[in-house]
Amino acid sequence: MQRILQPGEIEALDRIDFPRIRLPQPATLFAERAARWRQLAADGHPIADYLRFVALLADAQALAAREIETAPVDPALLARAVTHAMPVLPAADHLDPAWLTALDEMLSVLANAPPSAGLPPALALLAQELQDTAPDMLEAFALQVLHGMQEGTPPDTLLARTAQPLLVAALQVAYADRASRLDARALPMVEPATVCPHCGLPPVASVLRIGGEAGGHRYLHCGLCATEWHLVRVKCSNCESTKGIRYQSVEGAGEVVVAETCEHCYSYRKLVNQEKDPYAEPLADDLASLTLDLLMGETDYARASANPLLALAAEADE
Ligand SMILES: [Zn+2]
Ligand SMILES: [Zn+2]
């Protein structure tokens, strides 16, 4: 027999019923990243110039996000994904043409940026070169980039390698748009639990959220579509081992970003802690904490998956 819950019990249930999946909101996602990078740059950050460049890129993403609309997801694909505990739309198999619209929009923003915006000349030239590239070639580049993100390898073609951050930025706009149109409760529980339930790519970092129903919970954050999915703390986000998880941080850096290391697979992935800084954003803070990667480079732990915008650092330095 079904028992009717009393109001207090309903509230108690509500408290444990935190969201398993948090879908991105493109209308604010890119603007928040841009603001976060500018905030970190203003605090005299060691790579302040570089953070200002990626903030410009995120501005262009925010504008492009308003211009595109990806196709609705086929319910049959969703049902199949749930049955087989698979991601709904593995990224490289489901490239929505809206990504090209996003790229177009972003390139024209970058090409028309005033000198005061501080865009590095090399990037302005790169934007021009992509504008002159045929759409089918751009699509081939996009597929190289997506396969590379999956496999942890760089794209084969030189131009795709050089332009990776710009291509990734446009792809992020399209995949975040599509993720934002899904129903979070309808998404599958995927196997392994360490890949994005929407696009199947590995997370760029994880985040300990504050506020609202997600507060106090740890989520893995997709480096492509920005979908977040819950994974209990003290569990490796790479091999799911629960033994030998430790945390390392840069001395004096405030522990907003720590490296979570695993004794089982000898990988590390960063955990961005909003309890230490409410404005911390997983992808933005991961990128801005290169010092921690340098520190980890001297240990036996290998980075579990790259930040897809990182290649821009090398570009900007040149
Ligand atoms: Zn994803
Ligand atoms: Zn592990």
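Each ligand, and each atom within it, is numbered from 1 in the order the structure gives. Bear in mind the structure is a predicted one, so any value in this text is a computation, not a measurement.
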Pairing of R218 and E260 as salt bridge, 4.0 angstrom limit: yes
Reference residue Y301; test side-chain hydrogen bond (donor to acceptor under 3.5 Å, both in side chains); the match among Q248, R246, E263: E263
Work out the angle at the Zn ion (ligand 2) between SG of C236 and SG of C262, rounded to 10°. 110°
Please verify the inter-ring angle class for H230 with H217; under 30° counts as parallel, over 60° as perpendicular, anything in between as tilted. perpendicular
I'd like to know if the Zn ion (ligand 2) has an N/O/S atom from C239 within less than 2.8 Å of it, counting both backbone and side-chain atoms. yes
For the atoms SG of C225 and SG of C222, give the angle they form at the Zn ion (ligand 1), rounded to 10 degrees. 110°
With the threshold set at 4.0 Å, does a side-chain nitrogen-carboxylate oxygen contact exist between D293 and K270? yes
